[in-house]
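Here is the structure we will look at.
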Amino acid sequence: MISDRVKASLKREFYQSRAAQVGLALVVIITLMAVFAPMIAPHDPTTQRVGTGDTAELTDLPPISPVPGHEFVGTREQSIVNETTGEFRNVQVEVPANASHPLGTNERGQDILSRVIYGARVSMLVGILGAALAAIVGVPYGLVAGYFGGRLDDGLMRIGDVMLAFPSLVLAIALIGVFRDSGFHTTDLPDPFVAAAQADAIPNILIPRSGHVATMPEATTFPVTVTLVVALVNWVWFARIARGEALSIRAEEYVTAARGLGASNTTILRQHILPNAITPIIVLATIQVAFIILLEASLSFLGFSGTNLTWGADIQQGRNGLSSGKWWVSTMPGLAIVLAVVGVNLLGDWLRDALDPGIQGESGGV
Amino acid sequence: MQYGRFLLRRVVHSVFVIWGAATVVFMLRFLTPGDPVTALAPPDAGDEVRAALERRLGLDDPIHIQYFDYITDLMVGDFGKSMEVLDRSVLDWIFWTRFLRSVELAISATVVAIVIAIPLGVISARRRHTVSDYSATLFSLGGISTPNFWLGLMLILLIAVPVGFIPTGTPGPLLHEAVGDLLAGDPGTLGDWLRFMLLPAITLGTYFTALLTRLTRSGMLEEIGKAYVKATRAKGLPETLTMYRHVLRNTLIPIVTILGLQLGTLIGGAIITETVFEWNGLGQLLIERINARDWTMIQGIVIIIAIGFVTINTIVDLLYAYLDPRVMDE
Amino acid sequence: MSSDTPDYGFTGSTDGEDGEVLLSVQALKKYFDEGVSLLDRILGGGTNAVRAVDGVSFDVRRGETLGLVGESGCGKSTVGETILRLQEPTAGSVSFEGENLSNRDGLTEFRRNAQILFQDPFSSLDPRMPVGDSIRQPLDIHDWPWDGEGDETERKQQRVEQLMERVGLSADQLDRYPSEFSGGQLQRIGIARALALDPDFIVLDEPTSALDVSVQAQILNLLADLQSEFGLTYLFISHDLGVIRYICDRIVVMYLGEIVETAPAEQLFTDPQHPYTKALLESVPRVDLKERERDIDPLAGDVPSPRNPPSGCRFRTRCPEVIPPADLDIDQAAFRDIMDVRDRVADREIAVEKVRNTVTEEGGQDRPRVADRLYDRLVDNELPPEEREYVREGLQAVAAGDWDRAGEHLRERYESVCETDHPTGQVSCHLVE
Amino acid sequence: MAEPLLRVENLSTRFFTEEGQVNAVEGVSFEVEQGEVFGIVGESGSGKSVTALSLVDLVESPGRVTDGSVWFRKPDLAERIREDDPEAATEAVDGEMVDIRQLDENERRALRGTDFAMIFQDPTSSFNPSITVGTQIAEAVEVQRRAEANPRTLRSRTQGFGLMKFLTTSMVPTVDYVSEESRERAVELLDTVGIPDPAERATEYPYQFSGGMLQRAMIAQALASEPSVLVADEPTTALDVTIQAQILNTMADLQEEYGMTTVLITHNLGVIARMCDQVGVMYAGELVERGTLGDLFERPTHPYTKGLLGSSPSLEDATKRLQPIEGNVPSLLDEEMEDRCYFADRCPKAMEDCLQDPPEFDADGSQHHRAKCYLADHGYESALPEGYFDE
């Protein structure tokens, strides 16, 4: 389906554009992070180490340079009891560096780096699945509306207009409010690497650090409702793009020619309309992945996603510490979101520039 | 004459859309798991109490009657009553200041966006492949990629905390109060207003600014490539005139519609921004009511936001047709 | 490619009235009312339907090339597409080999026998489909080969290669995409696709308009060769009179959705009857040194909107030979002015307000002065005194804002047969009847 | 007449695209006398439109005029340059002629619209769709009015019309760049080109005009400054034949009335026959033959010219089979253009020589009728054996 010309154009644009390279690198890195989280994360992201004594020193650790030999010292607040008066008092105490928490820990003593790595799973999965679902619903809907036109188009697009009457986040929040009490709000997806490492089913060579992997969480909580809802509030965009494309493609003479040859509507939709409409749809899908990652982050920030191992939820968690100097808890997952979304957006720009050179505005004709 | 027809069409269309939106919102009630009566009634309530509650909520009627009632209520501006705090109507909750607060925030963000984005986009397009272009592009890429709740927190961390002023918790005065005081000779309130507005407006406006910059830039580039620009140059019109009188004007016309649709993002963003800055507006209320599982209130707020959004879009479309009469012919 | 064929135009049947009718079009109409939504209907006052084709009848005889000529917007392409059922006709019928096509049963069979070649070679082939697949498409759709012998895939492949070579291209290029070909080559591929099922009849919808003149000549010659080789019948649609003259046996001239003249090619070009045909032929600049001296009197004005075509003869609003009422002695230019004034009164297209304002500014106010001013603006030619007076009376009614009375007043004296009666016949003109 | 009004020498324009360098115009030279119509005819991709754009300095990125000069007779400008900068004048001034390619950006722009006006092929896309036709023509008038009021300051044309002014004019419609006088003049111009009810039409938008009417409006716009040179790029190609006849008649009348010098670009030999005194034939970016209308139609020398004439169907005589030029227009990509006659592989008379060195255009500079072909010198002989290019 991808012609040589398109391939050549993609390649040329990729080699010429630093932005495209950065985008692809970011997306690949983050995807790998999400997939191989148990092998990469230094700690179990869910283990809490709250308490007194030794474990107390593991909470609210600031990030440090992970370079060995450089003893890096941070400070944190600690309550101490005045033994004579029995009063509690907050003091800043120096904390010894701990190279195993390069991004620090949160107030529960969870390792932030590990949480950022695991958070990529939910973000990327919701982003890609949500966009895919939206496309699966929206594209055929729009193609049919645009291709057949007339009353059918009128009716279908009016429904789309109604969907657009709601700002997406407002609709998403309302829908989640409705659905979060239902049974399928979240589901636990078992982690195949951890399962394999625990069962010793696969030779250790295939799972690096299998002893480490075996101690990681056995399942990732996947927010089903959020995925469905983001697809539900975004399918209209796919429908609109697909409709616009179908409308213009059906006026092309090759479509008329195919009808003249006696081709059925399904044949035409499959053989001509879809392949020619696919470019802008792919570009939109990329933009949508970026948008949905942001939407998911907002929903988890508001506490609606049903799992707290996400970037948005972690930002919310670190929010209270901001005013008392614990800046890293919110900053790190936020940076992760920005990098992921920047990566996907750059990828989208690359695709758009490569697949649709007309948009550049400088197609100098002779 | 033709414009009147177009106006009528657009208004009829938006009434239809609002009706559809109201129907969707009405249906939300039936998707809600659990029975509201069970949720509201005391655990030990007898059948009589339950029946009374049901009647009070209007749930004893057949669905089509309920639907009819719902729509007719909306038509006379009755958005329903709270479920949690019975007899308190939606409009009571969304009292004027809350509404104004949200609107002020949204408008300030829009103003920030327009003032920054259009010049930035123009510069970026006209000085293509220069440092200014790259910086503008980088800024807009960052802007559309940053979640605004995080941006808000970072602004608090990097600006508000060091400066020692955290504009959260107690929202500042409303603009009309500030202006009133200013006229009365006291500029202090206006200062407060600005102080409280600054960070939230930047937070909410950044995505919009970035998007608008991108649109202006690519729109200008596309427009510059059109044949009429060549014709304009051929008649000897200086470059600035070509750019502002023709290119920028034509670029902004379609952007107006896109912005109309993107206002949805702005309204959504407002909800988050209000949460971050504990800004006492509509968004805060929505979150609060959702957490209280107060369905009738949620319905009311959602439909009010939808009506506002559709209305703005209609106005934008009418403006568009005024600026570019071709669209009326479609 | 075709250098060894003799130096003659076409071997299809020349003129003559006795050829077997292959395709017959009867009172064909196609109106477009898209864009008139339900809302428009409820609100009323919506625009009329576009009458792209409004009652067209002609026959195409086996083996001939029938030319359909006219300017853009006259409905010639819509005729082509409606005949092939690419558009549903609003009214009228088309029969092919004596069989009426209004029932859909015969359509598959018909689609096998009737093909179309489009104007824009770049848009008539799917840019995402290798050209070989495009040529194969009709074979797949109609389950060729129908005799069922041999290996289907292999035979299709052979057929496609054969077609490609017949139109003068190399079979090696079958797996290339349209973007790798020039316009002329793509048009050859389009011809190969049209020939795939061995049709009897091909609609050629401006097949060379998008091509350069040197390539156009190649394609025209190829079409001519194919016609004699396969005994094809062509309906050749074009706005280019030179091309039409070169390739067609008989010619149908269309104007604003209607046929104005039908004649054998030679006759049409040497002795055109309809004023429109005459004007059309006269307008074409000749490739000739004497061209600069030739005095052309071009048709005035634009084609009226097909949403609201003129009554009677559709050409009357631009016709240089409108027939005045019998009792009126007036030259054509003056009568044309009067007719134009009447059309504008009927459409209420006179800026009375503006004139009234200027008159007021100059200190005048009275209606006659406004009428005088209107008269000066609208009438360029010298009218006989009594006509001048009469028209001015009409304009006074206009100045008073009474459009209906003005229209009625002018109609009484100047009504022409061209606006009341719709002309019919081989040459649709009241002058010829 | 001593000197021509316009003398183009060795003009070359290149496009630097992603696919490579495209030689759109290559070494084109011709002269146009005052009041004459010079026609350039060629097929699509022959570089005729780019030649037109190069004349008025409107080639846009990624294209650039890379070589050659455009000498334009303008005594006052020549005098001024001599006074201002005698050094530059030795290069850029030749008698009364000025090489406009050597002027600076602002000077060149000052010539556009004033001395050079242009008409484009597609009138619908050549007007700004969201501004009324009258205003757009009035703009052209206004530019000239301001330039005349203060000829040496180009800035006066803008009069500080920047972003702020744009914002104010958008909000306050009464403050406008275009003056009332210019608007009135625009209406007069519309009247001149035969648009009925010009005052009314001036307030309409381009989409409310038919193609023919809009082309008239474009001509009106070009006349705004009574230019010395009118460059018309396929002015009737987008129009129907009856409308084409109207427009050509209008153009011929105005040509006579204003004494304009016209460079007319077209692919239609009929239009050439109707309008032109001198004709140049372009092929693959080069001018391959030029001469008077009679030279070209009666005594064509270059095989391409003959081919063009042979492939045009005639309205008078339908019996002759057309003699097409075989093959397709060659690629203009620099890397694919070998140093030889570009027409050779389609030419029925190609010789070995044609493949070695490209023939020179000015084999005999004294003649008015010239062709870039060995046949012009050698006569018809030694065609290549048949099938020479078939591999």
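Throughout, protein chains are lettered first and strands after them, A, B, ... in sequence-line order, and every chain is numbered starting at 1.
- With contacts defined as side-chain heavy-atom distances shorter than 4.5 Å, the pair B/Ser145/A/Leu339 does not qualify.
- The side chain to side chain contact (heavy atoms under 4.5 Å, CB included) test with A/Phe166 singles out one residue from B/Ile267, B/Ile305, B/Val24, and that residue is B/Val24.
- In this structure, chain A has no heavy atom under 4.5 Å from any part of B/Tyr134.
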Would you check, one step at a time, whether the test side chain to side chain contact (heavy atoms under 4.5 Å, CB included) holds for A/Leu171 with B/Val302? CA-CA 8 Å; A/Leu171 187 59; B/Val302 168; 5.5 Å; no
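- Of all heavy-atom pairs between B/Thr275 and A/Leu302, the closest is OG1-CD2, 3.7 Å.
- Distance check: A/Ser330 OG to B/Phe149 CZ gives 9.5 Å after rounding to the nearest 0.5 Å.
- Only the side chain of B/Leu157 comes within contact range of chain A, with at least one heavy atom under 4.5 Å from a heavy atom of that chain.
- The backbone N or O of B/His13 lies less than 3.5 Å from no partner atom in the side chain of A/Arg158, so there is not a single donor-acceptor pair.
- Distance CD1/B/Ile144 to CG/A/Asn345: 4.0 Å, rounded to 0.5 Å.
- Chain A forms the most heavy-atom pairs under 4.5 Å with one residue out of B/Gly308, B/Gly268, B/Gly269, B/Ser14, and that residue is B/Gly268.
- The minimum heavy-atom distance linking B/Arg214 with A/Asp349 is given by the pair NH2-OD2, 2.6 Å.
- Ranked by heavy-atom pairs under 4.5 Å with chain B, the first of A/Ala297, A/Ala340, A/Ala174, A/Ser298 is A/Ser298.
- Within the 4.5 angstrom heavy-atom criterion, no atom of A/Ala290 approaches chain B.
- Going from atom CG of A/Leu169 over to atom CG of B/Leu266 covers 12.0 Å, rounded to the nearest 0.5 Å.
- Nearest heavy-atom pair, A/Ala165 versus B/Val17, reported as atom, atom and distance to 0.1 Å: CB-CG1, 3.7 Å.
- The line from CE of B/Met154 to CG of A/Leu335 is 7.5 Å long, rounded to the nearest 0.5 Å.
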List the steps and the verdict of side chain to side chain contact (heavy atoms under 4.5 Å, CB included) for B/Trp150 and A/Ile337. CA-CA 9 Å; B/Trp150 184 70; A/Ile337 298 177; 5.8 Å; no
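- Side chains of A/Phe304 and B/Ile290 form a contact here, defined as non-hydrogen atoms less than 4.5 Å apart.
- Atoms CG and OG1, from A/Leu294 and B/Thr146 in turn, are 8.0 Å apart once rounded to the nearest 0.5 Å.
- Comparing A/Val344, A/Val341, A/Leu346, A/Leu295 by heavy-atom pairs within less than 4.5 Å of chain B, the highest count is held by A/Val341.
- Ranked by non-hydrogen atom pairs under 4.5 Å with chain B, the options A/Ser168, A/Pro167, A/Gly318, A/Ala19 are led by A/Pro167.
- Heavy atoms of B/Arg217 lying under 4.5 Å from chain A are absent altogether.
- With chain A as the partner, the residue from B/Ala21, B/Gly20, B/Gly142 showing the most heavy-atom pairs under 4.5 Å is B/Ala21.
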Is there a side chain to side chain contact (heavy atoms under 4.5 Å, CB included) between B/Phe309 and A/Val170 once you walk through the steps? CA-CA 11 Å; B/Phe309 184 35; A/Val170 173; over 6 Å; no
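- When each of B/Asn291, B/Ile307, B/Ile18 is scored by its heavy-atom pairs under 4.5 Å with chain A, the top score falls to B/Asn291.
- Heavy atoms closer than 4.5 Å to chain A are found in both the backbone and the side chain of B/Leu153.
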